[in-house]
Amino acid sequence: MIRIAGEPFDPGAELARIAASCPDAGAIASFTGIVRGAGGVETLELEHHPRLTAKAVEAIGAAARERFALAGLTIIHRYGRLAPGEPIVFVAAAAAHRRAAFEAVDYLMDRLKTEAPFWKREHGPGGARWIEPRASDLEDRARWEEAVDARD
Amino acid sequence: LRILFFGRVADAAGRREAEVDPPAEVRTAHGLRAWLGRDDPALLDLLASPSVRIAVNDEMLVGDRAVSPGDEIAFMPPVSGG
């Protein structure tokens with residue numbers, strides 16, 4: 001299940017939902033990203049493209065399904081204006097064994113952070129500023145390319 | 001032509017979307033980019049930066065391509081999801 005959401009969602013309910021839909025999975029791993037309030041951030045604004053964002057997230061989900069032996073997959077990504085403490089992204093992967101589930105979640109987050117068309121802006125006491133990917137995000141993303149090379 | 005600007009490109013352009021009717025000699029995405037930035041060197045520099053990607057009708061542009069009335073062209077700076 002993949003959803004680009006304009007409204008708040010409940011990560012616990014989503015975890016229960018994937019667990020219910022994959023009764024034979026031996027492992028479910030999940031990740032929830034939360035808006036940080038550090039530095040006085042009052043609001044995090046996420047812009048998205050009305051169609052390309054969904055298309056890109058679908059493609060990332062399809063790549064994870066191809067790469068890992070998954071029984072189920074959930075990706076929910078917010079857009080709009082979020083307050084500190086609100087969930088911004090939720091990824092869960094169900095598989096027969098833990099390794100595929102852990103790795104799929106890690107892989108999905110690295111790709112979502114660097115490739116999904118979202119644009120983040122922090123609003124705080126000092127005004128607003130756009131957030132761009134850090135070098136470490138790109139390095140995290142590159143780990144999966146090396147893994148591909150190593151397999152060849 | 002319908003234009004979409006995202007992230008800091010929208011700030012530089014002063015708008016998030018626009019309907020434009022460029023002169024007939026503007027025939028490609030790169031031509032359109034030059035025309036959009038014709039009076040604003042800072043915007044032109046940003047639009048032409050390699051980190052700003054262009055999508056035409058929801059397809060990521062590779063190289064350049066023709067654009068015609070009815071097309072939607074999106075200018076997208078580096079993304080930051082998650």
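What you see below is based on every heavy atom in this structure, not just the backbone, and it leaves out hydrogens, waters and symmetry mates. To find a chain, count down the sequence lines: A is the first, B the second, and so on, and within it residues start at 1.
- Note: the hydrophobic cluster containing Phe102(A) does not contain Phe90(A) (ILVMFWY, side chain heavy atoms under 4.5 Å, direct or indirect links).
- Note on Val89(A) and Leu70(A): same hydrophobic cluster, where clusters join Ile, Leu, Val, Met, Phe, Trp and Tyr whose side-chain heavy atoms are under 4.5 Å apart, directly or indirectly.
- Among His48(A), His77(A), His49(A), the residue making the largest number of heavy-atom pairs under 4.5 Å with chain B is His49(A).
- Here Pro77(B) is the residue among Ala55(B), Ala74(B), Pro77(B) with the most heavy-atom pairs under 4.5 Å with chain A.
- Note that CE of Met60(B) is 9.5 Å distant from NZ of Lys55(A), once rounded to the nearest 0.5 Å.
- Residue Arg141(A) qualifies as enclosed at atom CZ: its count of foreign heavy atoms under 6.0 Å is above 12.
- The hydrophobic clustering, which links ILVMFWY residues whose side-chain heavy atoms are closer than 4.5 Å, places Phe68(A) and Val57(A) together.
- Proximity to chain B (any heavy atom under 4.5 Å) is shown, for Glu132(A), by both the backbone and the side chain.
- Residue-environment remark: CZ (Arg38(B)) exceeds the threshold of 12 foreign heavy atoms within 6.0 Å.
- Heavy atoms of Glu115(A) lying under 4.5 Å from chain B belong exclusively to its backbone.
- Residues of residues 6-27 of chain B that come within less than 4.5 angstrom of chain A, heavy atom to heavy atom, are Phe6(B), Gly7(B), Arg8(B), Asp11(B), Arg16(B) in numerical order.
- Criterion: ILVMFWY side-chain heavy atoms under 4.5 Å apart, direct or through other members. Under it, Ile131(A) and Leu112(A) are not part of a common hydrophobic cluster.
- When each of Ile88(A), Val91(A), Leu52(A) is checked for heavy-atom pairs under 4.5 Å with chain B, Leu52(A) comes out on top.
- One hydrophobic cluster holds both Leu1(B) and Leu43(B) under the rule that ILVMFWY side chains link at heavy-atom gaps under 4.5 Å.
- Across all non-hydrogen atoms, the minimal contact from Val79(B) to Thr114(A) is CG2-O, 3.2 Å.
- Inspection of non-hydrogen atoms places no residue of residues 5-35 of chain A under 4.5 Å from chain B.
- By the neighbour-count criterion of 12 heavy atoms within 6.0 Å, atom CZ of Arg65(A) is densely surrounded, having more than that number from other residues, nucleotides or ligands.
- Lys120(A) places a side-chain N or O within donor-acceptor distance of the main-chain N or O of Gly82(B), the cut-off being under 3.5 Å.
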